[in-house]
Amino acid sequence: MYGGGNTFEGIKPDALAGEDPIKLAEFEAKIDRGEKIEPTDWMPQLYRKQLIRMIEQHGHSEIIGALPEGTWITRAPGFKRKMSLMAKVQDEVGHAQLLYSAAETLGKSREQMIDDLINGKSKYSNIFNYPTFTWADCCFISWLVDAGAIVNQLANAKGSYGPYCRALDRICAEESFHLKYGHHCVIYLAAGTLKQRQMFQEALNRWWPPMMHFFGPSDKISVHTEVLMKWKVKMGSNDDMRNQFLDMYVPKIKELGFTIPDPKLKKNTDTGRWEYTEPDWEEFKRVINGDGPCNKERLEVRRIAEERGKWVREALRAPKAQYVTPLA
Amino acid sequence: MDQQALKELLYKMADDQLIMGHRNSEWTGFGPLLEEDIAFSSMAQDKIGHSLAMYNMLQELGEQDPDTVAFTRNANQFHNCQLTELPNGEYDFSLIRHFLFDTAEAIRFEMLTQSSYEPLAQVAAKIRGELRYHTMHAQTWIKQLGSATEESISRLQKSLEYALPFSLGIFERSPFEDKLIADRIFEGEAALEKKWKAKVEELIGQTQLRLPSWESLTPVVGGREGKHTEHLQPLLDEMSEVFKIDPTAEW
Amino acid sequence: MTLFTSMNSLDPRVNRLPIDKVANSSPKAALDQFGTFEVFVQAKEGKPFQHEGIVHAPNIEMAYVLAKETFTRRFTCISIYVTDTRSVHVSAMTEGTNNAYENINDSGASEPKTSYEIYHLLKRGKQHIHVGSVTAGSPDEAMWRAKASLAGEKQVFNIWAIRTDDIRFTTTEDKDLWLTLPEKKFRDASDYKGGDKLKAFLESVNK
Ligand SMILES: [Fe+2]
Ligand SMILES: [Fe+2]
Ligand SMILES: [Fe+2]
């Protein structure tokens, strides 16, 4: 899972100053031809840096994203849900494994990435800093947060970096299970008892604002990333992604008889774009910068997991292991 | 075929697997290494799947449906051995328990491929690959950590000594042993225990861990007849928290 | 970073974490990382092995055990193998219409001969696929021999050569490991058909 937008820093005008113009032209021509970049290819420093940043954050979002749904892993109701949720959360851990591996091919080790996560140096998708109060919150994530992630990931799978695309191909194939499973859970809540319907409506009320934040700040206020779009690192604008998500899922939510808590939400048939109450971008910034309801807990849990696993990793390392950058 | 004896066997196996799978699933997202997090979760899923297969058989024999059986009974109605219900502790204990339990489980189901109760023999044959992975995983890890650093060896040693008396509780005799053996449903706990001890000796012997003499250990029994530690009821309460919001609802 | 005295989480598992035990320990060591192993998967009988990714592991045996669930817990699979990343010999990567074999020249034969597995990358962004094996005295010689016997018609962007002895294969007995994979439907999107339930619900609402 992964939220767009927020992950890119503004690009300084001199960011490409030191690059060889001939190599740069060849590099861009390759991307224009639709050929993927592979780890041993020449690439501009900015491309490498931004890709590491993006893939790493995506990986963090998966491993942290396992926590809000993991909150219900011991409480899933009935055999079927119990096994599905276990498999679903497991997949998210697996996605982190795949993404960290892809980022490693660019020269940053997994351990460095995890260190940066735990030490608060890297970001991850802000939506996982919100709490899952009930089973219905968990179902909201499985269905709609994953749906949002899929919009993002399908776009990114068409990006230019080979190892990231390969990871995303696997991930997207698994996401189809997540999406179907999540929808299935919500259908059962919708078609269930009054209490069950209520549970989901309440979850929807809680999660809609962070869901609108998920794709990142509106294009009006986002940093400029044209060169990253040209290099097929960033594959769509935040507003386009958000619009695509709303197109696909607003009808499905309404079909189940739930009310989306935004009276202004409607599609403008002239422009084909959705109109909605402007999300609270101040809150978004606050949460991204560490002040959300669960930021502390999420990082602390990761830190404890790493700390508890330390003796295992140390024992495995004995007598001595050598690390080389993986191939692809 | 003695139905009561058969049901008793199925219940204790199913309850073992359910509780073990549940406990192991608690590690998901908290594991010591991403790849191991994934592997451990898969085996937990397998365990839940095995228990479901057993509860399905029980339903065929006239018991209630698996969800009702798993999510509404109280601790004193569960027949799992106490080993499975103990809290996860640190990874050393979880690994040692997984090793001791799955070594027994693999031998048990190997024996059950010969069961005269056809549905059980079929399931046993089918899940042999899964159990093969569970034991391969357990053995690889125990061998690795049981001979690595001072810390890993002493952690595993401590956990081994703590878990062993509980693990002998796996083989608590049922009042139906003779019937199960006579009907060729199952060769019995005594036969299983003997094979298990030989295997554990062999595998621990390949590490720097020390196995205390079997005579020095007092088996912790009672689980099979519904006597449990204080840990099981809270586990069940947690497991059924959502289910019990409305047990008649479909989730 | 401020440490929690008690987590007071919605997650009962988090509330059970031994916080006091780890709260005062030193920060994570900077680089407690071990090596990587490359993982190859065979989906079906008769299909070639394909590179799927890596696992972190301390040795090849553990790599095999960890690779199994990391890469083959869903979709079809009948066999996997793993090798140390350092055991993979890599040709130069080409682009456009340049074939990787154009850069492979005769570097002379050497002894003793041993078997090498050869892999091709046929499209950038896709996976390396096993194409066959050759006998050679060195990785360079293996690529040269592959040029003669395995190059084929298609454009190859990259070639890998791995000494067969450096691979941890699946044994015949271990083929059972994937026996129930097709039956694990709960990991499959097709097992979550909510259509009927949804239809019945919509009908009941419209009444
Ligand atoms: Fe997700
Ligand atoms: Fe994911
Ligand atoms: Fe997902």
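Numbered from 1 within each chain, the chains take letters A, B, ... in sequence-line order. Just so it is clear, the values below take in all heavy atoms, side chains as well, and ignore hydrogens, waters and symmetry mates.
Using a 4.5 Å cut-off between heavy atoms, B:Leu95 makes no contact with chain A at all. Residue A:Ala76 touches chain B through its backbone alone, counting heavy-atom pairs closer than 4.5 Å. Residue B:Ile38 touches chain A through both its backbone and its side chain, counting heavy-atom pairs closer than 4.5 Å. Contact annotation for A:Thr74: both backbone and side-chain heavy atoms come within less than 4.5 Å of a heavy atom of chain B. The part of B:Tyr55 that comes within reach of chain A is its side chain, from C-beta onward, which places non-hydrogen atoms under 4.5 angstrom from that chain. Only the side chain of B:Leu18 has a heavy atom closer than 4.5 Å to any heavy atom of chain A. Heavy atoms closer than 4.5 Å to chain A are found nowhere in B:Ser147, neither backbone nor side chain. With a threshold of 4.5 angstrom between heavy atoms, B:Arg23 does not approach chain A through any atom at all. Contacts of B:Leu156 with chain A are made by side-chain atoms alone, with heavy-atom separations under 4.5 Å and no backbone atom involved. Interface remark: A:Arg75 contributes backbone and side-chain atoms alike to the contact with chain B (heavy atom separation under 4.5 Å). For a residue to count as touching a neighbouring chain, one of its non-hydrogen atoms must lie under 4.5 Å from one of that chain's; by this rule B:Glu241 touches chain A with the side chain only. At a 4.5 Å heavy-atom cutoff, the contact between A:Gln196 and chain B is made by side-chain atoms alone.
Looking at residues two or more places apart in sequence or on another chain, you find no ring-ring contact (aromatic ring centres under 6.0 Å, His included) involving B:Phe99.
With 3.5 Å as the limit, one finds no donor-acceptor pair spanning the side chains of A:Asp116 and A:Gln112. Remark: the B:Glu150 side chain and the B:Ser154 side chain contain no N/O donor-acceptor pair separated by less than 3.5 Å. Looking only at atom types and distance, the side chain of B:Gln82 has no donor-acceptor partner in the side chain of B:Thr229 under 3.5 Å away. Checking B:Tyr11 against B:Glu63 by side-chain atom types alone, a donor-acceptor pair falls below 3.5 Å. Side chain to side chain, B:Asn76 and B:His228 fail the donor-acceptor criterion of an N or O pair below 3.5 Å.
Using a 4.0 Å cut-off between a side-chain N of Lys or Arg and a carboxylate O of Asp or Glu, B:Lys47 and B:Asp16 do not qualify as a salt bridge.
Top candidate by heavy-atom pairs under 4.5 Å with chain A, chosen from B:Tyr91, B:Phe30, B:Phe71, B:Phe243, is B:Phe71. Note on B:Asp237, B:Asp92, B:Asp246: by heavy-atom pairs under 4.5 Å with chain A, the leading option is B:Asp92. Comparing B:Ser51, B:Ser240, B:Ser152 by heavy-atom pairs within less than 4.5 Å of chain A, the highest count is held by B:Ser152.
The closest donor-acceptor contact from the side chain of A:Glu306 to the backbone of A:Arg303 lies at 3.5 Å or more, if one exists at all.
Rounding to the nearest 0.5 Å places CD of B:Glu35 at 6.5 Å from OG of A:Ser101.
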Exercise for the section: Please report the C-alpha distance between B:His98 and B:His137 in whole Å, then the side-chain angles of each, then the deciding distance to 0.1 Å, and finally whether the ring pair (Phe, Tyr, Trp, His ring centres under 6.0 Å) criterion is met. Expected result: CA-CA 9 Å; B:His98 156 56; B:His137 173 275; 5.1 Å; yes
